[in-house]
Amino acid sequence: MFNWRKNLGIIAGLSLSLIAAGCGTEESNDSGNGQTEDTSNVSEEMGYQITGIEPGAGQTQTNEKAIAEYESLAGWEQETSSAAAMLTALGDAIENEEPIIVAAWSPHYMFAKYDIKYLEDPELIFGEEEHITTIVRQGLKEDMPSAYTILDRLHWELPVFQEALLEAQEMDFDFEKVAQEWVDENPEKVTEWTEGVEPVDGTSIDLVLTSWDAETFSTNVAKIVLEQQGFDVMLTPVDPSIMFSAIASGDSDATLSPWMPATHGALYEEYDGQFEDLGPNLEGARIGLAVPSYMDIDSIEDLEPAE
Ligand code: PBE
């Protein structure tokens, strides 16, 4: 097994003069142990590649924006596939103590399971804080006042989400079960959300969601709570772009999945005025680029452009 941390010092020592001669702006990074380590090796070792997620994710666009904006990311590429593939690659890299840079977001169990850190983002491409918002189609308030009121009230605190997502990971991502358990264990929340709401008799309502963990949890809770009030709830997982167009066209009634302002901001703007925003269902979310904590870099600017 190649221990990149141990070998970095040796490689850096051997090649430092060559690199310094070849590039006048070479940055070095004092790792705190008295050794000066050259971080360009790490960028090269990673193949100047960011491990991304689904091509249709909002964050995939944000990552491209970061690559375009940061000089330190010039010539880098983003490899897209899926969140699951990214998590596998992250786990493998950590097992071998290799460098890796991934598209990361929270709340997500990746921050509990792995010792990873967000890279500082001085250009604020990923923004400072995201919230997850609930948007509904025009006319929902008149057509389904009970559903509208419940959807308007749904709101969680960040630690609640984090705990539920950890739980889901332990329960093979059976989100229906995790959501049902959460509803059973939090009757006072459900009462707060449904107080004074007129029950219905089998009215159909369609919720679109993007199928990352946080949204799958919240949408399944919404489904159970609406069902308890007599709604017949259909969940449809889609890409973020379809999510916005489905609400704007009225094909779907509501979604609890948009991440704002950075992640889905462009889509939000594209369809602005064609939906109603009921406000955040979760605050304190975040997206960014992350690396394992054993890597001696702290900022996107500590990376080196590809030559
Ligand atoms: N995410 C998680 C999604 C939204 C939530 C950051 C992967 C996205 O990029 O669209």
Side-chain angles (χ1 to χ4, degrees), residues 50-68 78-90 100-114 116-119 121 124-135 154 156 158 160-162 164-166 168-169 173 175 207-222 235-247 252 254-271 275 277 280-291 300:
I50 294 168
T51 305
I53 51 170
E54 288 80 357
Q59 197 174 348
T60 301
Q61 303 305 315
T62 324
N63 293 343
E64 288 302 330
K65 208 164 139 193
I67 289 172
Q78 171 176 211
E79 191 190 19
T80 57
S81 53
S82 67
M86 178 279 285
L87 291 164
T88 304
L90 178 63
I100 187 168
I101 175 165
V102 300
W105 63 97
S106 38
H108 192 280
Y109 73 83
M110 69 177 107
F111 283 90
K113 184 167 182 184
Y114 301 115
I116 57 176
K117 59 185 177 188
Y118 280 114
L119 290 181
D121 168 31
L124 291 182
I125 304 292
F126 299 99
E128 285 180 306
E129 190 185 299
E130 294 283 276
H131 61 267
I132 310 182
T133 196
T134 301
I135 67 170
L154 291 175
W156 292 266
L158 188 60
V160 171
F161 250 61
Q162 279 159 338
L165 300 188
L166 263 185
Q169 196 232 332
F173 303 100
F175 279 102
L207 306 180
V208 276
L209 71 150
T210 57
S211 30
W212 290 286
D213 295 11
E215 301 82 338
T216 309
F217 167 69
S218 61
T219 312
N220 272 283
V221 171
L235 301 190
T236 314
V238 293
D239 271 0
S241 60
I242 308 289
M243 161 171 82
F244 276 92
S245 70
I247 301 296
S252 183
T255 179
L256 289 81
S257 296
W259 283 49
M260 290 296 293
T263 316
H264 299 140
L267 286 165
Y268 191 99
E269 232 168 81
E270 189 181 334
Y271 292 99
F275 58 82
D277 190 342
N281 59 64
L282 183 90
E283 280 134 315
R286 195 176 167 186
I287 65 168
L289 297 177
V291 299
I300 296 173

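Starting from 1, each residue takes its place in the sequence as its number. Start at 1 and go down the list; that is how both ligands and their atoms are numbered. Any value given below was found using the heavy atoms of this structure, including those in side chains, with hydrogens, waters and symmetry copies removed. Here the structure is a predicted model, which means the values were calculated and not measured.
- Within the 4.0 Å heavy-atom shell around ligand 1 one finds E215.
- At least one heavy atom of H264 sits closer than 4.0 Å to an atom of ligand 1.
- Surrounding CD of E269 are at most 12 heavy atoms belonging to other residues, nucleotides or ligands under 6.0 Å away.
- Looking only at side-chain heavy atoms (C-beta outward), Y271 and I135 stay at 4.5 Å or farther from each other.
- Less than 4.0 angstrom separates some heavy atom of T263 from each of these atoms of ligand 1: 8 (C), 9 (O), 10 (O).
- The shortest contact between atom 6 (C) of ligand 1 and any protein heavy atom is with Q59 OE1, 3.4 Å.
- For the 3.5 Å distance criterion, the side chains of Y118 and S106 qualify, holding a donor opposite an acceptor.
- N63 has its side chain within reach of L289: a pair of non-hydrogen atoms, C-beta onward, lies under 4.5 Å apart.
- With hydrogens left out, the protein atom closest to atom 8 (C) of ligand 1 is G58 N, 3.4 Å, a heavy atom.
- Among the candidates E215, E130, H131, the single residue satisfying the side-chain hydrogen bond (donor to acceptor under 3.5 Å, both in side chains) test with W259 is E215.
- Checked against a 3.5 angstrom limit, the closest N/O atoms of A57 and ligand 1 fall outside it.
- Distance from atom 7 (C) of ligand 1 to its nearest protein heavy atom, with residue and atom name: I53 CD1, 3.3 Å.
- Looking at Q59, E54, H108 one by one, the single match for side-chain hydrogen bond (donor to acceptor under 3.5 Å, both in side chains) with W212 turns out to be E54.
- Residue contacts with ligand 1: W212 is placed with no nitrogen or oxygen under 3.5 Å of a nitrogen or oxygen of the ligand (distance criterion only).
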